[in-house]
4 protein chains.
Amino acid sequence: MAQDRRTSILDAAERLFAESGFDATPTARVAAEAKVPKGLVFYYFPHKIDLLLALVTERLPTHGPDEADRVVEPGDATTSLIRLDEHVGLAEHASATLRTILFREAGTHPEVGKHLRHLRQNLVALTENVLDRTVGVVLDPGLRRDAAHTFVAAMLDRANTVRTGEVAPDLAGVARVVSMALQPAR
Amino acid sequence: MAQDRRTSILDAAERLFAESGFDATPTARVAAEAKVPKGLVFYYFPHKIDLLLALVTERLPTHGPDEADRVVEPGDATTSLIRLDEHVGLAEHASATLRTILFREAGTHPEVGKHLRHLRQNLVALTENVLDRTVGVVLDPGLRRDAAHTFVAAMLDRANTVRTGEVAPDLAGVARVVSMALQPAR
Amino acid sequence: MAQDRRTSILDAAERLFAESGFDATPTARVAAEAKVPKGLVFYYFPHKIDLLLALVTERLPTHGPDEADRVVEPGDATTSLIRLDEHVGLAEHASATLRTILFREAGTHPEVGKHLRHLRQNLVALTENVLDRTVGVVLDPGLRRDAAHTFVAAMLDRANTVRTGEVAPDLAGVARVVSMALQPAR
Amino acid sequence: MAQDRRTSILDAAERLFAESGFDATPTARVAAEAKVPKGLVFYYFPHKIDLLLALVTERLPTHGPDEADRVVEPGDATTSLIRLDEHVGLAEHASATLRTILFREAGTHPEVGKHLRHLRQNLVALTENVLDRTVGVVLDPGLRRDAAHTFVAAMLDRANTVRTGEVAPDLAGVARVVSMALQPAR
DNA sequence: AATGAATGAGATTTCATTCAT
DNA sequence: GATGAATGAAATCTCATTCAT
C-alpha cells in the first residue's frame, strides 16, 4: 500500500519529466499527476533530484553480455543485429520516457551521466558478443570493436533522434552496413 | 559598441546554457556573466527564450552539400570520411557549447528541435555527396543512404557522447567500417 | 523502560535546544538524536512546547534561602560569595544547556520567563541570607539589597556570557568589590 | 526614495524580531509590516539572516572610551556611573529591540555574538575611563578592573532583565555599591 | 503503549518581466 | 538607448501534528 503510492509518484515523475523536462516540471505537478498530497512527494524524495535519481537507478535496465543468446542468428549478422536492437528496445515507447530523461539530464546531473556511460559500455560489450557468436570465423579484435561501436552509436543516436522528432535513421540499414563490413570476402 | 554588448550577452548565455542548461540559468546570471545591467538583457532579448533562439539561429553553421569538395580524397573513402568529420567539427571545443544546447533543448523547445532536424538532413546529404565523389563506381542508392546515415549517426552520437563525458567512439574506426561495407569486392 | 525513552527524548531535546535554539530544532531531529521513532516524541509530549516546559520545570533547580548554611564563611564575605557562586554552579557545564535555553527562550515563551524570574528572586533572597550570616553586624537593609542584587546580576550575566562566548567577568573580583562595599570602616 | 523602502524593511524587522524572535518571524510578515511586496525584502536582503546582520552591524552603537567626558562628575563616582548608564541607554526603549535581538541571537548566530563581545569590551574600557576621571587618586588596576566589570555586568544583566520581564535591579544601587568599594577610607 | 506514513499550511527563496526615469 | 528598483506568481522545501494500526 505504502509502496503503491511511492510507485505512483515515480510513474507520474517519469511521465512528466519525459514530457517537459526535469527542470520545467514542478514537484507540485508530480504530486497532482500522482494524485497524492504535495507533502508525500517530499516524504519519499526529500529533494527533487532524488526523484530523477530514483528513476534512473531503479528503472533503467542494464544489459549484460549474456543476453546475446536470445538474439543471435548464426551466420546472419544483419538479422542478429536487428534482433539485438529490438531486444534492447531503446526505440520502444516503454523506455522512451527514461531514455529522454537519460539523454537530457546526463550533461547536468553527474549521477545520470554515470548511468548513460554504463549503458553504452554494456551495449558495446553485448554487441561484440553478438557478433562473435554470429559469424563463424575469428574476427579481428579491432574491427570487431569498431563494428560494435558503430552499431551502438546508431542505436543511441536513433534513441535520441526519436525524442527530438527527427527522421529516425533505419537501424536495419545500419545493420546491413555493419554486416557487410565484416564479410571476409565476397 | 551597442553590438558589442549584445554579443557579450550571447557569449555569456552560450557559456552558461552549456554549463547548467537553459532552464537552470537565470537571466540575472547571464547579465552578471556578461557584465551588463540586468535590464539590458531584456532590452535586446525581450523574453528569455529569445536568447536560446538567437544562439541557435545566429551561431549554428548549416552544412551545404557543396562543402564535399573540401574533404574528398578520391578513391579513399576512409580518409574522406575522417576529413569530413574534421571539417564539420562537431567534436571541437568551439561548437561544444552550442552542440550541448542543441541536444539538450531539442526535445522541449520546438524551434531548437527544428534546427537539429535540419542539421541531420544536411549532414546526410553532404555525406552522400562525399561518398559519391570518393568512390569511382555508381553506388546503390539504398546502400549509399544507409552508409551516410550510419556515419552521420556516429558523428552526432559522438557529439552527444563528448558532452556527457562518455568514452567517445572512434570516428576513424567507424569510417573504416563504412568504407569496407562499400568495397565492391576484396 | 518507558521512562528511559522519555528521558532519552528530554536529553536529546536539551542538547539540541541548547545548540540551535528551540525554534530551529525540528521535533524529528529530537527523535533521531534520541533514537526513538518520531511518533513517540508526540506520544509523551503532545506539543513541541511541552518539551521545553518539561526541561525547565523538571530539570532546573530552585535555590531556597536555607542553602546559605552550606557556603557561609563567618566574617569573610568575599569567600562566602565565591563559595555561593560555586554552589549555585550557574557556570558549570551541567547547567550550561539549560541556562542557554532559559535565557534565550525567556523573552518569547512566558512559562520560561516565569522560571527565570523565580530563579532571580530566589538567588537574591539566598544572597541576602548569606551576607547576613557572614558579617556579624546588622546591615542596612537597602545596602544589603543592593549588594545582593549586584552579585546576582554578576552571576546571571556571567552565565549569559559563557553562552555567548564572551570573556567571562571574574566572579571573585565582583565578590571582592561587593565585600569591600560592606566594610563598615577601614 | 529607494533607501526609504530599505529602511522601512529594517524598521519592521527590528520591531518584529524584538517582539517574537528572529526564527518565529516570517519574512512575509516583515514585508507586510513594512508595507512593501514580499519580493522587495529579498531584493535588499537575499537571505533572511541578512536582515539580522544588517540590524546588528548598521544600528548598534559601539561606545568608545572618549565618551567618558560627557558623564564624568568629578569626585562623585555614584553619580558618574548613573550618568554613564543613562548615556549608554541600554535600558531605554529605543535600544530595547536591538538589545533583545543581540542577547537572544548571540548564541546561535556567530556574527551577532561577535558584536555582543565587542560591546562588552568597549563598555568595560569606557567604565574604567569614567572611574579614572572621577576619583582623584590613582586606583589599583585590579580593583578598577573588577569595579568596571561589576558595573558593566549589572548594566548588561539589567538589559537582559528588562527583556525577559524580570524585576529590574536598581542600577543606582549598584552604582552606590561600586562607588563604596572604591572609597580609600571613610 | 507505540509507530511511521501521511498531511497541508506555510516558510524561504527564485526569477522572468516590467517600467519609470 | 539603458538601467536597476520593483513585483508577484510560483517553486522548493519544512515540519508540527494526526491517526490508523
Side-chain angles (χ1 to χ4, degrees), chain A residues 1-6 8-9 22-32 34-51, chain B residues 1-3 5-6 9 22-32 36-51, chain C residues 1-3 5-6 9 22-32 36-51, chain D residues 1-6 8-9 22-32 34-51:
Chain A
M1 198 104 235
Q3 283 312 300
D4 282 2
R5 304 188 79 185
R6 187 179 182 278
S8 307
I9 293 171
F22 175 76
D23 287 320
T25 304
T27 50
R29 248 189 100 202
V30 174
K35 287 172 186 154
V36 301
K38 232 178 350 170
L40 198 61
V41 174
F42 169 76
Y43 180 75
Y44 285 112
F45 307 95
H47 299 269
K48 191 188 177 185
I49 188 73
D50 296 326
L51 273 171
Chain B
M1 197 105 239
Q3 281 312 300
R5 304 183 81 184
R6 188 179 181 281
I9 293 170
F22 175 75
D23 287 320
T25 304
T27 49
R29 242 189 106 201
V30 174
V36 302
K38 197 162 40 153
L40 198 61
V41 174
F42 283 92
Y43 180 74
Y44 285 116
F45 307 93
H47 297 267
K48 191 189 177 185
I49 190 73
D50 297 328
L51 274 171
Chain C
M1 197 102 234
Q3 281 312 297
R5 304 184 81 184
R6 188 178 182 280
I9 293 170
F22 175 75
D23 287 318
T25 304
T27 49
R29 240 188 109 201
V30 174
V36 302
K38 199 163 40 156
L40 198 62
V41 173
F42 283 92
Y43 180 74
Y44 286 116
F45 307 94
H47 297 268
K48 190 187 178 187
I49 190 74
D50 297 328
L51 274 172
Chain D
M1 198 105 235
Q3 283 311 299
D4 281 2
R5 304 189 79 186
R6 187 178 183 279
S8 307
I9 293 170
F22 174 75
D23 288 318
T25 304
T27 49
R29 249 190 99 203
V30 173
K35 286 171 187 156
V36 301
K38 232 179 349 171
L40 198 62
V41 173
F42 169 75
Y43 181 75
Y44 285 112
F45 307 95
H47 298 269
K48 190 186 177 188
I49 189 73
D50 297 325
L51 274 171

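Note that this is a predicted model, so its numbers are computed, not measured. Computed from heavy atoms alone, side chains included, the values below leave out hydrogens, waters and symmetry copies. Each chain gets a letter, A, B and so on, in the order the sequences are listed, and its residues count up from 1.
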Could you pull out the closest heavy-atom pair between B/T27 and B/K48, with the gap in Å? CG2-CG, 3.6 Å

Partner residues of B/Y43 under the side chain to side chain contact (heavy atoms under 4.5 Å, CB included) criterion, sequence neighbours left out: B/L40

Tell me every residue that passes side chain to side chain contact (heavy atoms under 4.5 Å, CB included) with D/F42, counting only those two or more places apart in sequence or in another chain. D/P46

Here the pair of heavy atoms bringing A/F22 nearest to A/I49 is CZ-CA, 3.7 Å

Please convert DNA chain F into dot-bracket. A pair counts if it is Watson-Crick or G-U wobble with both distances under 3.5 Å; crossing pairs go in [ ] and bases paired with another strand get |. .||||||||||||||||||||

Whole-Å distance separating the CZ atom of D/F45 from the P atom of E/dT14: 16 Å

Can you name the residues that form a side chain to side chain contact (heavy atoms under 4.5 Å, CB included) with A/A31, not counting sequence neighbours? A/V36, A/K38, A/V41

Can you check the D/R29 CZ to E/dA9 P distance for me, whole Å? 20 Å

Heavy atoms only: give me the nearest A/A34-A/S8 pair and the separation to one decimal. CB-O, 3.6 Å

The answer to which of B/P46 and C/V36 contacts DNA chain E further toward the 5' end, by nearest nucleotide, is C/V36

With a 4.0 Å limit, can you tell me whether D/Y44 has a side-chain N or O closer than that to the phosphate oxygens OP1/OP2 of F/dA6? yes

For E/dA6 and A/R5 - does any side-chain N or O of the residue sit under 4.0 Å from the phosphate oxygens OP1/OP2? yes

Can you confirm whether A/D50 sits close enough to A/Y44 that some side-chain heavy atom of one is under 4.5 Å from a side-chain heavy atom of the other? no

Along DNA chain E (nearest heavy atom to each residue), the more 5'-positioned of C/Y43 and A/Y43: C/Y43

Taking only residues two or more places apart in sequence, or in another chain, which ones meet C/T25 in a side chain to side chain contact (heavy atoms under 4.5 Å, CB included)? C/L16, C/F17, C/S20, C/V30

Polar pairs (N or O, both sides) under 3.5 Å between protein and nucleotides 8-12 of chain F?
| residue | atom | partner | partner atom | Å |
| --- | --- | --- | --- | --- |
| F/dT12 | OP1 | A/K48 | NZ | 2.9 |
| F/dT12 | OP2 | A/T27 | N | 2.8 |
| F/dT12 | OP2 | A/T27 | OG1 | 2.9 |

